[in-house]
Amino acid sequence: MVTKQSSFKNAFLHVWFILLVVALSLISNRSEARNFYFSASQGDDSRTTAQAQDSATPWKTITKLNSFFSGLLPGDSVLFKKGDEFSGTIIPSRSGISANPIVISSYGSGSKPVITGFQTVSGWTSEGGGIYSKAVTAQSTPNMVTVNGVNTAKGRWPNASATNGGYLNIDSHVGNNTLTASELNSLTVNWTGAEV
C-alpha cells in the first residue's frame with residue numbers, strides 16, 4: 001500500500017535528482033571549455049580545429065578567427081601569442097554568458113600581442129624620379145597612412161626643389177578632387193581624379 005506521503009517523497013526525490021543532473025551538466029560544460037591559439041609568427045590557418053587547441057599548432061590570422069567565431073562556445077578562450085602582431089579587425093559573431101564568457105587574451109611570454117588595422121602595402125609601381133604609387137581597391141581604401149611610424153597625409157607629392165626634401169603644400173581645394181597648388185605643374189602630371 002502506497003501512501004500520499006511516500007508518493008510525495010518519491011516525486012521530491014525525482015525532481016531533486018533532475019536538478020542535480022542539470023547542475024552537474026552545467027559544471028561539466030565549463031570544464032570542457034576550449035582554448036584556441038593564434039600566432040602570426042608560427043600559425044597556419046589550414047590547421048584543424050583540434051590542432052588550433054594546442055599552442056604548438058596555432059592558427060595564424062584574425063580572418064581565420066572571424067570565420068570560426070560562430071563556432072566558439074561559452075567559456076572558450078581565444079589566445080594571441082605575446083610578441084606577435086596581428087592585422088585586421090575582430091568581428092565577434094556571438095558571445096558567451098555571464099557565468100561563462102568567451103575570453104580573448106594572450107599566451108606565452110614577452111610583450112603583449114598587438115592587434116592593428118594597419119597593413120603593410122606592397123607591390124608599389126615606380127613612376128620614375130624616386131616616386132612610387134599604389135592603386136588601392138574600394139575594399140582597401142586607407143583611412144590613415146604612416147611612413148616609418150609617423151602619421152602621414154594620404155596623397156602627397158615630393159618637393160624636389162626643397163633643400164631638405166619634404167612635400168609640396170596644397171594651396172586650396174574644392175571638394176575632394178579639385179586641387180590648386182602653385183608648385184604642381186598640370187602640364188607634366190595629370191591630376192585628374194587626385195584626392196585631397
Side-chain angles (χ1 to χ4, degrees), residues 36-49 51-52 55-71 78-93 104 106-108 110-196:
F36 294 94
Y37 295 90
F38 287 80
S39 171
S41 60
Q42 299 171 334
D44 183 342
D45 287 345
S46 67
R47 292 182 175 140
T48 67
T49 302
Q51 288 174 313
S55 62
T57 54
W59 280 328
K60 185 176 184 87
T61 65
I62 289 177
T63 301
K64 180 64 176 184
L65 170 60
N66 289 337
S67 72
F68 180 74
F69 213 103
S70 63
V78 173
L79 303 172
F80 292 96
K81 186 174 184 218
K82 288 185 175 180
D84 281 2
E85 183 172 306
F86 301 85
S87 293
T89 302
I90 298 173
I91 305 171
S93 57
I104 298 176
S106 61
Y107 73 98
S111 58
K112 293 179 181 179
V114 173
I115 298 172
T116 177
F118 284 107
Q119 294 181 345
T120 300
V121 178
S122 60
W124 291 91
T125 301
S126 175
E127 303 294 341
I131 298 170
Y132 293 83
S133 68
K134 170 68 177 177
V136 294
T137 63
Q139 293 82 16
S140 65
T141 300
N143 293 313
M144 182 183 295
V145 175
T146 64
V147 176
N148 298 323
V150 176
N151 289 350
T152 307
K154 289 191 294 182
R156 305 185 316 158
W157 192 261
N159 186 355
S161 64
T163 56
N164 60 353
Y167 295 88
L168 298 175
N169 295 318
I170 295 173
D171 299 328
S172 66
H173 66 88
V174 176
N176 286 341
N177 298 97
T178 304
L179 314 178
T180 303
S182 56
E183 297 93 350
L184 299 178
N185 184 346
S186 61
L187 298 177
T188 58
V189 178
N190 181 356
W191 295 101
T192 305
E195 183 176 316
V196 177

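Scope of the values below: all heavy atoms of this structure, side chains included, with no hydrogens, waters or symmetry mates.
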Residue list, side chain to side chain contact (heavy atoms under 4.5 Å, CB included) with Ser122, at least two apart or on another chain = none
Residue list, side chain to side chain contact (heavy atoms under 4.5 Å, CB included) with Asp45, at least two apart or on another chain = Trp59, Lys60, Thr61, Lys64
Check Arg47 against Gln42 and note the closest heavy-atom contact, atom names and distance.
-> NH1-O, 3.3 Å
Heavy-atom closest pair (Phe86 atom, Phe38 atom, distance to 0.1 Å) is CZ-O, 3.6 Å
Report all side-chain donor-acceptor pairs from residues 123-132 shorter than 3.5 Å, counting only partners two or more places apart or in another chain.
{"from": "Trp124", "atom 1": "NE1", "to": "Val121", "atom 2": "O", "distance (Å)": "3.1"}
{"from": "Ser126", "atom 1": "OG", "to": "Gly128", "atom 2": "N", "distance (Å)": "3.4"}
{"from": "Glu127", "atom 1": "OE2", "to": "Ser133", "atom 2": "OG", "distance (Å)": "2.4"}

So do Lys81 and Ser41 actually touch side chain to side chain, heavy atoms under 4.5 Å?
-> yes
Full working for side chain to side chain contact (heavy atoms under 4.5 Å, CB included) between Phe80 and Leu65 | CA-CA 11 Å; Phe80 292 96; Leu65 170 60; 3.8 Å; yes
Can you tell me if Ser106 uses its side chain to pair, donor with acceptor, with the backbone of Lys82 under 3.5 Å?
-> no
Sorted by chain and number, sequence neighbours left out, ring pair (Phe, Tyr, Trp, His ring centres under 6.0 Å) with Phe69 holds for none
Would you please name every residue forming a ring pair (Phe, Tyr, Trp, His ring centres under 6.0 Å) with Tyr107, sequence neighbours left out?
-> Tyr37
Could you list the residues that satisfy side chain to side chain donor-acceptor pair (under 3.5 Å) with Asn66, not counting sequence neighbours?
-> none
Interatomic distance, OG@Ser67 vs CD1@Ile62, rounded to 0.5 Å, equals 12.0 Å
At what distance, to the nearest 0.5 angstrom, does OG of Ser39 lie from CG of Leu79?
-> 12.0 Å
